[in-house]
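Hydrogens, waters and symmetry mates are skipped; everything else that's a heavy atom, side chains included, is used. Each chain gets a letter, A, B and so on, in the order the sequences are listed, and its residues count up from 1.
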Amino acid sequence: MKWILAFVLSWHLIPCATQEYHFRQMPMDYGKDIQLIKNIFQSADQMIWLGTDKGLFSFDGKSYQHFPRTDEKINAVSTIAEHTGEIWIGYDDGHIQIISNDSSKTIRTDSTQDIPISKILFHENGSVYIATYGAGLWKLEKNSFTKIRLKEPATINDIYDALIDASGKIWIATDHGIWIYPAQSAEPVTHLTHADGLPDNIVTELTEGQNRNIWIGLYDHGFASYDLKTNVIQSEILTNEQDGNIAGLAGGNNHWIWAATEKSIYRISPGGISRKIKLPVQINDRIEAILFDRTGNLWIASGNKIHVANSQLEFFNPGIKGIQALTTLNNQVWLGSETGLYSMQSDSSPPRKMLDNLDLNILSLFHDDRGLLWIGTFGQGLIIYNPENNRHLQLKEEDGISNNSILNIDGYKNKIWLATLGGITEIDHSAGDPFSKRPTILLYSEKHNFPAGYVYDVYIDKTGITWFGTDGKGLYYMDDLQLKLLTKPIQLFQGDSFDLRTIYSISEGDSNTIWVSAQKGNILQLDKDGNILSHISSPFGSLNSLATAGNGEVVIMREGSLQVKNPVSGIFALGSSTGLTTFAPNINASAVDSDGSVWIADTDKVLHYHQTSSDTSHYVHMHMVDVTPGSLQLSDPIVLRPDSNFIDFRFTGLWYADPQGVRYKYKLEGHDQDWIYTQEGRAVYSKLAPGTYTFIVSGSHNDDFTHSIPIRRKITVLPPFYMTWWFVLGVIFLIGLLTYIFTRGRIRRVKRFHQLEKEKTTYQLNAIQAQVNPHFLFNSFNTLSGIIEEDQEAAVDYVDQLSSFFRGVLQHRNAELITVAEEIEIMRNYTYILKKRYGSNIKVVEEIIDRDGYVAPLTLQLLVENAIKHNIASGDRPLTIHIRINGKWLEVSNPIQPKIQSITESTGFGLSSLLTRYQYLTRTNIEIINDGNIFTVRIPVIHPNSQA
Amino acid sequence: MKGFLCFYFFMLCTLCNMAAQKNVFRTSEGQITFRSDAPLEIITASSSALEGIIDPEAHIFAFAVPITSFKGFNNGLQQQHFYENYLESSKYPDATFSGKIIEHVDLTQPGTHIIRAKGQLKIHGRIQERIIKTELVSDGTRITAKAQFIVPLVDHQIEVPKIVNQKIAQEIKVNVTATLLLAGKS
């Protein structure tokens, strides 16, 4: 490898700082006792991360969030990196923590135990390289470390910093120069040392530059740059001892480089000019780290404090009162004030007063391509001034200019236009040096019939068209040597809303448009035909001046307010957060520098606005901080149960230029009709109806929400159980089932009832049939005839009993139940009749104490009849029938003396009929006990009250 | 302090190749001076009890000075505060600096070398890694070392009462000169 050896000293050391940036101190409520902030890092999602002696914190501009390690040890962060959405943190004790959206894990190996991690690098071939301070370079594969063996391992144990360049080589900063390790090719390891032009061998910082170069921070000799195209090392800043060791490098807006040492900050412009930045007194601790964020802010960590400056606005205090005009020429800013002309170096030296012999009140300044200054005064005409030889030339009304008070000057090629209190004057100096040959003066009122009166602004756009803004006479432009009045807007807006007759200021817009500042605070973008393309309204009556920066940003200046209209991201204000507290600019007292920056005069100070870089984002980046209940990351949609129906969103919009100025608009689609605007990063919903919702929130710093990428979260609120389909189905099924069961039971009961009714009828019929059985009657009458002869009185009694029995049968045959007493009465009548026939062959023994309760009618009669029917009842073997109440039972028992053949014909009715009847009447069944000797039938006595 | 030197001597011995007969430079005289330049008072004190060794081959070094050897304070009370309160000499009796020389220069060759000594500076029991630029003038057997550096109190957690804030600087300037002679290791 051939190194072109070069060591070019081209530093520009400025003895005293003049630039003033407004540094704001960030809050210090870390929640932990932080002593030192060692790292500042911005992830791709714009979040700021702080590596401190107490671990890792994220910071949204308002509050901090601590990210504890998984092992819960507190150790100092030594480096922070990002890879595909994961934040990798290296610690002083050799641990590496990886934080992703939904998890956090720690890699720990013995290889780096207690050795600080100085850098974590992600190679595009997929490998992860870990540089340590004490144990060299390692490759991380599958949670295990492999040491990268370089030639002289002893000298590269202490790695301060490392980076991977565009060709995939790993640069390692050590005490012995830079080692370059070709990670993926077989090329040899190369070594950059003092001999190769490195100003110092101890290299502590490496940062990739924006111009195919590597920035190198050196222990002793400040900062150098390695040009990857030419392989030349160039020293850029030589720091001194008071600056202390170097602390960091950061690439900034407009290709600047910000370089920090322990005690100072340098700014290096693309032209290689470096300036020391004046730091506020409150930055008194050692600077540990710097960062240039993606919205144009410069961050400084000093001790345990964070300071942030907006890098776009610089302040100069030249010590001059009443500044009314300015222009830039020969790297100087020329200031025109009530007290004359001054030139201000953009460095430390105090401004010098020029043309001291003239007592001038300067209203306007312009420089032409020849390096001449054109000075418009109040009442003293025009002065043409050559700073090279200090010659000047004064032109007044008597020399042909339209008015001695000149409000604005602009020029193009060899022509200069003056906007005066009395019309327009054109000065043509194409003939040559105006000092040797008097320029031609043309009065527009004469040549073009231009109306008399005040002309506030003259402006020549990129296409060479000259625009004139008059007081009450409208907006004129000069095209193809024809003066025209842009009448359309006036005709369109005759009313009070827009009045384009008075134009205070004119400036360039994008794509052949023009911005004008009109009366009543209206700022309009017009095309060449006078169509209004956009409109900005500022507070009533304010008088706006306009200037267009090199990138097309329109700077809007008025008393108390400085705003910038970015062609892409819209308006943002440079307010108190940038250090602008009071602002009283003169009309059109601004100038655009050759680099596109805008210089603005503010009575007694000078502002320098640096246009927004194309790579800076001016949008508020939204972050969801917390969602309760639920979790931040997972669960899309968030599912809520109906009984814990509460959701609390906490979100934040990142806008570090003015964190408190962020506004949010949010809406829960499906619930909110309109957007809800708030400055509090919180939205709470409760008692949501079941359904699906989408929560949308976006943020803005200028009330223009179109560019903010909103956060969306889907929410599903589950229906309560009684509204779920399965529950409803279940209930329907259950009702159906119950109805079915009930109906079926009912049908059964009805059927059974009918059956019983039928049985009852049959029984009654049978009972009657039984009682009027011819046998019974025949036997009874036979008995009666026998008694009549023997004992007439007994015969009468017998007939009474017989008729009483039949009356009882007839009386009770329809009743379902009769009392035991009634039943016994019938049974007695019956047995009386039987006894007359059988005599002592039959004995009926009653043991009835309790006559309460009910039985089915004719039960006893049937059982007694049955007993006689089936058993022998003779003189030898009389039949004794016992009838007794036994608890709930009415028992009828008889000894078994079976007949060989039953005399009486069986009706087939008897017991089975009784069983069926009792099934219907009570749950208790009739019991039939046959123990071989005694036949017992137990009839349940029914007690209606206790009957269940 | 002897113990400390013995320890580093042992360290040197193990680090070096024991088989080869090697030499080290050892202080014959060493002076260390500090200066506190505060708005209301300037304090200077110095010690001649600085001892140290440099191994010219391994490029490692070790220096130590007892805290209580510093003399020359503006008054006795100040000295007492310095010893007992600020530096807690009973707990942390020595200040030490040991490490390696970054530049691989041959110190046994006569000449003037500007080297940077990188090592651990231990004051008040707190270690800070420092790189201290040192001028070494060698005639082959004798080295004169000169170094100046700054010790911020905060680095070593040296706490000074607010009441004497205006009398004691937050950053102490330290000046070291030492003469070291080549001596064989034995």
Item to complete: Would you indicate whether the side-chain heavy atoms of A/Arg286 and B/Asp155 approach each other to under 4.5 Å?
Response: yes
Worksheet item: Is there a side-chain contact between B/Glu103 and A/His176 (heavy atoms, below 4.5 Å)?
Response: no
Worksheet item: Could B/Lys118 and A/Asp158 be called an ion pair, given the rule that one side-chain N must be under 4.0 Å from one carboxylate O?
Response: yes
Worksheet item: Between B/Arg116 and A/Asp175, is the closest basic N to carboxylate O distance under 4.0 Å?
Response: no
Worksheet item: To the nearest 0.5 Å, what is the distance between CG (A/Asn157) and NZ (B/Lys100)?
Response: 6.0 Å
[X] atom [atom1], over 12 foreign heavy atoms within 6.0 Å:
X: B/Ile163; atom1: CD1; answer: no
X: A/Lys305; atom1: NZ; answer: yes
X: B/Glu159; atom1: CD; answer: no
X: B/Lys71; atom1: NZ; answer: yes

Response to the item:
For residues 125-137 of chain B against chain A, heavy atoms under 4.5 Å, the residues are B/Glu129, B/Ile131, B/Lys133
Worksheet entry | Proximal component of B/Gln148, with respect to chain A [non-hydrogen, under 4.5 Å] | neither
Worksheet item: Looking at A/Asp285, A/Asn201, A/Ile202, which one has more heavy-atom pairs under 4.5 Å with chain B than the rest?
Response: A/Ile202
Practice prompt. Output all residues satisfying side chain to side chain contact (heavy atoms under 4.5 Å, CB included) with A/Thr207, sequence neighbours left out; order by chain, then residue number.
Written response: A/Glu205, A/Trp215, A/Leu249
